[in-house]
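Report on one structure; see the data block that follows.
For the numbers below, each heavy atom of this structure counts, side chains included, while hydrogens, waters and symmetry mates do not.
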Amino acid sequence: MFKKVLIANRGEIAVRIIRACRELGISPVAVYSEPDRNALHVKYSDESYCIGPASSQQSYLNMEKIIKVAEEAGVEAIHPGYGFLAENANFARRCEECGFVFIGPKADTIEKMGYKVTARKTMMEAGVPVVPGTVEPIKDDNEAFEIASEIGYPIILKAAAGGGGKGMRLVRDEKEMRSALRGARSEGLSAFGDDALYIEKYIERPRHIEIQILSDMHGNTVHLFERECSIQRRHQKVIEETPSPFINDDIRKRMGEVAVRAARAARYLGAGTVEFIVDRDKNFYFLEMNTRIQVEHPITEMVTGIDIVKTQIEIAAGKEIPFKQEDIRQHGWAIECRIYAEDPENNFFPAPGRIYILKNPSGPGIRDDCGIYEGCEVSVHYDPLISKLVAWGRDRREAIERMKRALREYVIVGVKTTIPFHIWALEDEDFIAGNFDTTFIERKFKSIPRQKEDKEVAGILSAILTHINEKTKKPTEKSLSQDSAWKIAGRRMLMNRL
């Protein structure tokens, strides 16, 4: 097993990986940008290094700075989390060239699955069902019109190098095609440096269901069942649950088998996800493969009892998956609500700021993967995800009720959050009945009651907390290993208090 691992990420996922490292006896090393100097993942790490200013390009996306820190800290492996460099084949390759284990799949796999046209072709060759569409990127506008006419509208344009909903345009008829092509190409070029597009038949009001897989270097591949990810806004997942209330045991079994086949076709290593789009008749089609740990992995951990992040690290260290497919069972039901610093009263506009008061929910069946603490700043520079709240129950009804109770216990003062939106969603009759698809929010969400907070009390507490943080914050400019054992012990005691 590794002795030291560098976490090339921030926020709640960095904290999650640090916790997995602790349980495996691994010393976690953090990196941070200047605005993240006092971030939670910095406080929880054994060592931490500044890698640049706020701009992601100069910090969390700067491969050479991260590699330099890895060399200075003497780590054996680098965990990229999700986002930033997690699905960057060049970074995975650079890690290997410099003698570090990249905790994820090989660079060639990331490259193959990251380019959506190649991924579709690979899946088709493996007998995995894919949505009807092009196998190669479209050459020009004329070809796009011809293919769309053959497939039949509506169609969807997708960036060949894309993911995360970027570079996508729904085209319902020929009149919309030319402007959609311009928009999709422009966004694809801006987001991925590649304006190539491909075309898929658009499936009306589909479900988005994914399968978690694990694969090791000894030829073992297993799936950990499905996650229902259909509650989305602008192609971004908002609420996830497992099992899915839509599919039955037969379809679940077939989807799992197909996901394992897809992982083997991609020569996958580590933890990953095979994503499917499912139509109203329960026909499922390959959508894409995420070559990293997923944001929503905790719900799978809650129902299977398997620590995915620890298993991912063990696989990277050369160990075999310690269980067989027949050993894996689903127990109960789990739901995840992504808590964002966003204003649902204002079209979910980002709402950065200082956290004046924080009271995390707890109690039976509740897990909160949180990346904030009282007095910290939610930065304007990065994704506004601040917490992933998970509720487990013996069945779906209990999981929903526990989640609603936990959401009402959750107190975050200082920034607007999506908590009221989640309460609205979980009380919606269609959600309760499992009668929803990827258009649920777009069709149904109108407004919520205004969020309230006591600004005067919040301001006073902010001043007090700022004073406390200045007095007690952890030094971050140098490795803790350079300090005395007494200082290290004192800082760890402080970390536990925080």
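Applying the salt bridge (charged side-chain N to carboxylate O under 4.0 Å, His left out) criterion to E76, with sequence neighbours excluded, gives no partner residue. Applying the salt bridge (charged side-chain N to carboxylate O under 4.0 Å, His left out) test to E296 and every residue at least two apart in sequence or in another chain returns K237, R338. Every salt bridge (charged side-chain N to carboxylate O under 4.0 Å, His left out) that E23 has, sequence neighbours left out, goes to K310.
Proximity of a side-chain donor or acceptor of N346 to a complementary backbone N or O of F349 within less than 3.5 Å is not detected. A side-chain donor-acceptor contact under 3.5 Å links H41 to the backbone of V31. Checked by atom type and distance alone, the side chain of H218 never pairs as donor or acceptor with a backbone atom of N220 at under 3.5 Å. Of the possible donor and acceptor atoms, one in the side chain of T122 sits under 3.5 Å from a partner among the backbone N and O of T118. At least one donor-acceptor pair closer than 3.5 Å links the side chain of D383 to the backbone N or O of L385. The backbone N or O of E47 sits less than 3.5 Å from a side-chain atom of S45, completing a donor-acceptor pair. Put simply, the side chain of T311 gets close to the backbone of D307: a donor and an acceptor are under 3.5 Å apart.
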Quiz prompt | Intermediate values then yes/no, side chain to side chain contact (heavy atoms under 4.5 Å, CB included), C376 and N38 | solution = CA-CA 7 Å; C376 78; N38 294 312; over 6 Å; no
Exercise. Test side chain to side chain contact (heavy atoms under 4.5 Å, CB included) on I328 and I306 and set out the steps.
Key: CA-CA 9 Å; I328 307 167; I306 294 169; 4.2 Å; yes
Exercise. Test side chain to side chain contact (heavy atoms under 4.5 Å, CB included) on Y410 and D368 and set out the steps.
Key: CA-CA 10 Å; Y410 217 146; D368 187 33; 2.8 Å; yes
Quiz item: Given the rule in the salt bridge (charged side-chain N to carboxylate O under 4.0 Å, His left out) test, do D46 and K4 qualify, once you have shown the distances and angles that lead to the verdict?
Solution: CA-CA 10 Å; D46 282 349; K4 292 176 80 172; over 6 Å; no
Quiz item: Going through the checks in order, is the side chain to side chain contact (heavy atoms under 4.5 Å, CB included) test met by F323 and L214?
Solution: CA-CA 11 Å; F323 40 80; L214 291 167; 3.9 Å; yes
Practice problem: Please assess H208 against E228 for the test side chain to side chain donor-acceptor pair (under 3.5 Å), listing each intermediate value before the final yes or no. | Solution: CA-CA 6 Å; H208 184 151; E228 171 70 72; over 6 Å; no
Quiz item: After noting the C-alpha distance and the side-chain angles of H223 and Q212, does the key distance pass the side chain to side chain donor-acceptor pair (under 3.5 Å) rule?
Solution: CA-CA 6 Å; H223 71 82; Q212 174 73 56; over 6 Å; no
Quiz item: For Q294 and E210, what are the C-alpha separation, side-chain angles and deciding distance, and is it a side chain to side chain donor-acceptor pair (under 3.5 Å)?
Solution: CA-CA 10 Å; Q294 285 281 81; E210 64 190 24; 3.2 Å; yes
Quiz prompt | Derivation and outcome, salt bridge (charged side-chain N to carboxylate O under 4.0 Å, His left out), residues K416 and E342 | solution = CA-CA 6 Å; K416 297 277 190 178; E342 293 179 339; over 6 Å; no
Practice problem: Give the intermediate values and the outcome of side chain to side chain donor-acceptor pair (under 3.5 Å) for residues S33 and S59. | Solution: CA-CA 6 Å; S33 65; S59 53; 4.7 Å; no
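Comment: E71 does not engage K68 in a salt bridge, judged by the lack of any side-chain N to carboxylate O separation of less than 4.0 angstrom. A salt bridge links E301 with R367; the closest basic N to acidic carboxylate O contact falls under 4.0 Å. Under a 4.0 Å N-O distance rule, the pair E442/R234 does not qualify as a salt bridge. The pair E241-R227 fails the salt-bridge criterion, with no side-chain N (NZ, NE, NH1 or NH2) lying under 4.0 Å from an Asp/Glu carboxylate O. Note on E377 versus R354: salt bridge recorded, some NZ/NE/NH1/NH2 to OD/OE distance being below 4.0 Å.
The aromatic rings of W424 and F445 sit perpendicular to each other, their planes meeting at more than 60°, with 30° as the lower class boundary.
For the atom pair I339 CD1 and T417 OG1, the distance stands at 6.5 Å (nearest 0.5 Å). In this structure, the separation between NE2 on H297 and CE on M302 is 11.5 Å, given to the nearest 0.5 Å. In this structure, E240 CD and Q232 CD are separated by 9.0 Å, a value rounded to the nearest 0.5 Å. Taken from CG in L170 to CG in L157, the straight-line distance is 9.0 Å, to the nearest 0.5 Å. Note that CD1 of I239 and CZ of F440 are 7.0 Å apart. Values are rounded to the nearest 0.5 Å.
Residues L40 and I372 form no side-chain contact, since every pair of their non-hydrogen atoms from C-beta on lies 4.5 Å or further apart. In this structure, the side chains of I357 and I355 stay at 4.5 Å or more apart for every pair of heavy atoms. For the pair K121 and E136, the minimum side-chain heavy-atom distance is below 4.5 Å. Here the side chains of C50 and E34 are in contact, with some heavy-atom distance below 4.5 Å. Side-chain contact between S55 and H381 is absent, with no heavy-atom pair separated by less than 4.5 Å. Side chains of M403 and L389 form a contact here, defined as non-hydrogen atoms less than 4.5 Å apart. Using a 4.5 Å cut-off on side-chain heavy atoms (C-beta onward), V101 and F2 make contact.
Stacking of R233 on the aromatic ring of F421 is not recorded, the 6.0 Å distance cut-off and the 45° axial limit not both being met.
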Cut-off 3.5 Å, no hydrogens considered: what does the side-chain donor-acceptor table look like for residues 5-12, sequence neighbours left out?
{"from": "N9", "atom 1": "ND2", "to": "P80", "atom 2": "O", "distance (Å)": "2.7"}
{"from": "N9", "atom 1": "ND2", "to": "Y82", "atom 2": "O", "distance (Å)": "2.8"}
{"from": "R10", "atom 1": "NE", "to": "D36", "atom 2": "OD2", "distance (Å)": "2.6"}
{"from": "R10", "atom 1": "NH2", "to": "D36", "atom 2": "OD1", "distance (Å)": "3.1"}
{"from": "E12", "atom 1": "OE1", "to": "K388", "atom 2": "NZ", "distance (Å)": "3.2"}
{"from": "E12", "atom 1": "OE2", "to": "Y82", "atom 2": "OH", "distance (Å)": "2.0"}

Side-chain donor-acceptor contacts of residues 263-271 below 3.5 Å, not counting sequence neighbours, with atom names and distances?
{"from": "Y268", "atom 1": "OH", "to": "A271", "atom 2": "O", "distance (Å)": "2.8"}
{"from": "Y268", "atom 1": "OH", "to": "R292", "atom 2": "N", "distance (Å)": "3.4"}

For residues 190-200, which side-chain donor-acceptor pairs fall under 3.5 Å, sequence neighbours excluded?
{"from": "D194", "atom 1": "OD1", "to": "A196", "atom 2": "N", "distance (Å)": "2.9"}
{"from": "E200", "atom 1": "OE1", "to": "K158", "atom 2": "NZ", "distance (Å)": "3.1"}
{"from": "E200", "atom 1": "OE2", "to": "R120", "atom 2": "NH1", "distance (Å)": "3.1"}

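In summary, the side chains of S230 and D437 do not present any donor paired with an acceptor at a separation below 3.5 Å, with no hydrogens or angles considered.
Taking each heavy atom of A391 and I366 in turn, the nearest pair found is CB-CD1, 3.8 Å.
Ring centers of Y382 and Y60: under 6.0 Å apart, within the cut-off.
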